[in-house]
Amino acid sequence: MSEEKSLNFIEEIIENDLNSGKHDFIITRFPPEPNGYLHMGHAKSICLNFGLTQKYKGYTNLRFDDTNPVTEETEYVESIKNDIRWLGFDWKNELYASDYFEELYHFAIKLIQKGLAYVDDSTSEEIARQKGTPTQPGTDSPYRNRSVEENLALFQDMRAGKYKDGEKVLRAKVDMAHTNMHMRDPIIYRIKHAHHHRTGDAWCIYPMYDFAHGQSDAIEQVTHSICTLEFVPHRALYDWLIEKLEIYPSRQYEFARLNMTYTVMSKRKLLQLVNEGFVSGWDDPRMPTLSGVRRRGYTPESIRDFCDRIGVAKRDNLIDVGLLEFCVREHLNKVAQRRMVVFDPVKVIITNYPEGATEMVETENNPEDEGAGKRTMPFSREILIEQEDFMENPPKKYFRLAPGQMVRLKSAYIIKCDEVVKDASGKITELRCSYIPESRSGSDTSGINVKGTLHWVSASHAVPVEVRLYDRLFKVEDVSDAEGDFKEHLNPDSLQVLPAVYAEPSLAQATLTDRFQFLRKGYFILDPDTTADKLVFNRTVTLRDTWAKQ
RNA sequence: UGUCCGAUGGUGUAACGGUAGCACAGAAGAUUUUGGUUCUUUUAGUCAGGGUUCGAAUCCUUGUCGGACAACCA
């Protein structure tokens, strides 16, 4: 069955290029700067770039845009590679803009020789002033008309380390009156006496983004250089440099970056959350970083599905985080092992069940997956159920436990509530119930039908575990649109820790890679904070709940 | 005030001059030993005006609204 999916605008461009014979195959690249951790926005770009070359003949390079030595570190390189692999993609070549420093230097020489670049002694303030404003043309630098020979000598001296940081820059000679600010003689090289994470102290001049990115694309013969919308104004310069340098004509295409409700997606803001202690780190499960969502329990499959569903276009968007959660649930529903865990217990005494007896009841690990098999769990006279599963004065459509009302304990027996025991303050201390012996799950001859089925654990067999429940990081849907500092909109209740809840015994064997659904509670994954004597579970996402809404 | 990009249900995204479709969210119902899953059904949309055309979401034009652009960041 070929259910043809419509193409996004980039796929259309590629199909046209392939059909017209412009290209026989395509090359894309994912170009992170190694100065931070990857987030969901990067996931969109990764899925796009790698997805394209899986769909069409070609390959994708991983290229680190490491042209600014003061912000970049090897630590980030490793985490970025790890995140991409985790997402399920593999690159053809691992490349670095810094590999091209020598070649880039010669591109600059060529530009100088063509009279299209000059060394400028102006200060950064002077250069900013020369740029003019979007509505007013700029003015020429007094150094704009230096001779080719002088520029060549000066630029060589820059490389040789004869000048201090900021003393001189190399500028492309384009047009100081251009309506596009980026064309007003952009700086293409600056002096930075700094240690580079890969080239060490070999260089003290470093190319700017605009003189590295397109050139690296050209060197790698990238056919489709895909980036986000904020680079649209750079494209004119990208093309100008390719033309003047007479290098491989890579083409840049821009798409709208991902924004999601109730979170922020900019490296700057995420950094603030980490540095100012609003979250525990880059991998805090509330963070939209890949390390965060991984720890939260989101699966790579669900993230890829999400990226597929949100599409690729050029209009600004704000994606409902609910869509991501839908994708996560959809995948986890198929793979998560079911377990029973009681968060906020009330004791149930089954008065007609023999004291001291224990029997094992069998229950399926995953009703969605026959192959997941079954397990057993102990049933006894004293059971724990959720407090919220009992109501003394229930509303009409409440079909959990209530005085005189019957429910099934999942995979065990039907019980009936006979008596509510309270302490002096009126707090319910236990529920005295009777069970129907013929209603045993799997061999029920009672003929009784109940509406409600509850999860439960045997009080004496339950193991204590910690669960961490997460809610949206921010209180407002559109954080970037909200008044004031974005941190004022942080949700104070985004993390709720329950230090000791009651888990069925089999959960003691949980490992970091297991995915669980705690019945009626949501999907959970073990957190790395787990120790030998304390299991810690993160709630990945709740189950859909059509009852709670009423 | 300039240049550029954009505008389709609540949110995303299709329709490439010829029936405005899909997903999420919402609503109703069926099934269910998870108020989960699954399955039905359903609500809701072309920014505004003018023009071209037999026919416009699509082309032209004017306007409105949103976004980007003045780092020795990427």
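Lettering follows sequence order; numbering is per chain, from 1.
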Proximity of A/Tyr100 and A/Phe107 rings by center, below 6.0 Å | no
Could you give the NE2-to-P distance, from A/His331 to B/U37, as a whole number of Å?
-> 16 Å
According to the salt bridge (Lys or Arg N to Asp or Glu O under 4.0 Å) rule, which pairs have a member within residues 334-346 of chain A, sequence neighbours left out?
-> none
Gap between atoms CD1 and P, on A/Ile10 and B/A14 respectively (whole Å) = 11 Å
Could you give the distance separating B/U37 and B/A25 at their P atoms, to the nearest angstrom?
-> 9 Å
Tell me: OH of A/Tyr262 to P of B/A25, nearest whole Å?
-> 14 Å
Could you pull out the protein-nucleic contacts involving nucleotides 62-64 of chain B (nitrogen or oxygen on both sides, under 3.5 Å)?
none

Taking the six-membered ring for Trp, is the centroid-to-centroid distance between A/Phe537 and A/Phe518 below 6.0 Å?
-> yes
Contact class for A/Tyr523 vs. all strands (heavy atom < 4.0 Å): base, sugar-phosphate, or nothing?
-> nothing
N or O in side chain of A/Arg520 less than 4.0 angstrom from B/G36 OP1/OP2 = no
State yes or no: are the ring centers of A/Phe231 and A/His213 separated by less than 6.0 Å?
-> no
Non-neighbouring partners of A/His39 that pass ring-ring contact (aromatic ring centres under 6.0 Å, His included), sequence neighbours left out = A/His42
Sticking with atom P, work out how far B/U19 lies from B/G10, rounded to a whole angstrom.
-> 23 Å
Rounding to the closest angstrom, what is the interatomic distance between B/U38 and B/A48 at atom C1'?
-> 45 Å
Ranking A/Val450 and A/Ala313 by the position along RNA chain B of their nearest nucleotide, the one closer to 5' is A/Ala313
How would you label the contact of A/Leu318 with the nucleic acid (heavy atoms, under 4.0 Å): base, sugar-phosphate, or nothing?
-> sugar-phosphate
Spacing of A/Glu254 atom CD relative to B/C4 atom P, expressed in whole Å | 14 Å
Can you tell me which residue pairs pass the salt bridge (Lys or Arg N to Asp or Glu O under 4.0 Å) test with a partner in residues 180-199 of chain A, sequence neighbours excluded?
-> A/Asp99-A/Arg198, A/Arg144-A/Asp185
Sequence neighbours excluded, the answer for side-chain contact (heavy atoms from CB on, under 4.5 Å) partners of A/Glu167 is A/Tyr163, A/Lys164
Side chain to side chain donor-acceptor pair (under 3.5 Å) with A/Asp308: which residues, sequence neighbours excluded?
-> none
Nearest-angstrom distance from the residue atom CH2 of A/Trp547 to C1' of B/G36 | 15 Å
Write down the distance separating the P atoms in B/G17 and B/U1, rounded off to the nearest Å.
-> 36 Å
Phosphate contact (B/U37 OP1 or OP2) by A/Arg329 side-chain N/O below 4.0 Å = no
For A/Thr71, which residues count as a side chain to side chain donor-acceptor pair (under 3.5 Å) partner, sequence neighbours excluded?
-> A/Glu33
Gap in Å between the two P atoms, one belonging to B/A71 and one to B/C65, rounded = 27 Å
Would you write the dot-bracket representation of RNA chain B, where each base gets (, ), [, ], | or . depending on whether it forms a Watson-Crick or G-U pair under 3.5 Å and with which partner?
-> .((((((..((((....[..)))).(((((.......)))))....(((((..]....))))))))))).....
Can you find a donor-acceptor N/O pair under 3.5 angstrom joining the side chain of A/Arg338 to the base of B/U34?
-> yes
B/G36 and B/G26: how far apart are their P atoms, nearest whole angstrom?
-> 12 Å
What about A/Glu368: does its side chain form a donor-acceptor pair under 3.5 Å with the base of B/G36?
-> yes
Tell me: OH of A/Tyr238 to P of B/C4, nearest whole Å?
-> 22 Å
How about A/Glu75 and A/Tyr37: does a side-chain donor come under 3.5 Å of a side-chain acceptor?
-> yes
Looking at residues at least two apart in the chain, or sitting in another chain, which of them share a side chain to side chain donor-acceptor pair (under 3.5 Å) with A/Lys173?
-> none
B/G49 and B/U64: how far apart are their C1' atoms, nearest whole angstrom?
-> 10 Å
Classify the nucleic acid contact of A/Gly452 as base, sugar-phosphate or nothing, counting any heavy atom under 4.0 Å across all strands shown.
-> nothing
Return the 5'-most residue of the pair A/Lys314, A/Ser441 with respect to RNA chain B, ranking by each residue's nearest nucleotide.
-> A/Lys314
For the residue pair A/Tyr105 and A/Phe155, is the inter-centroid distance of their aromatic rings smaller than 6.0 Å?
-> yes
For A/Lys314, all residues meeting salt bridge (charged side-chain N to carboxylate O under 4.0 Å, His left out), sequence neighbours excluded = A/Glu254
Nearest-Å distance, CD (A/Glu370) to P (B/U37)?
-> 20 Å
Checking B/U34, B/G6, B/C24 against the side chain of A/Phe326 (C-beta onward), the nearest is B/C24
Which of the following nucleotides, B/A14, B/U37, B/U33, is nearest to the side chain of A/Arg544?
-> B/U37
Determine the contact category for A/Phe399: base if any of its heavy atoms lies under 4.0 Å from a base atom, sugar-phosphate if only primed atoms, P, OP1 or OP2 are that close, otherwise nothing.
-> base
Go through the N and O atoms of the side chain of A/Gln136 and the base of B/U1, and report whether any donor-acceptor pair is under 3.5 Å.
-> no
For A/Thr133, enumerate each residue passing the side chain to side chain donor-acceptor pair (under 3.5 Å) test, keeping only those at least two apart in sequence or located in another chain.
-> A/Thr135
Checking all strands, does A/Pro367 fall into the base, sugar-phosphate, or nothing category for heavy-atom contacts under 4.0 angstrom?
-> base
Side-chain contact check for A/Asn317: nearest option of B/G12, B/U1, B/A14 is B/G12
Can you tell me, in whole Å, how much space there is between the P of B/C4 and that of B/G12?
-> 26 Å
For the residue pair A/Tyr118 and A/Tyr143, is the inter-centroid distance of their aromatic rings smaller than 6.0 Å?
-> no
Side-chain-base donor-acceptor pair under 3.5 Å for A/Thr453 and B/U34 | no
Can you tell me the distance, in whole Å, between the CG atom of A/Asp175 and the P atom of B/G2?
-> 19 Å
Take nucleotides 67-74 of chain B nucleotide by nucleotide from the 5' end and write B, S or -, depending on whether a protein heavy atom sits under 4.0 Å from the base, only from the sugar-phosphate, or from neither.
-> S-SB-BSB
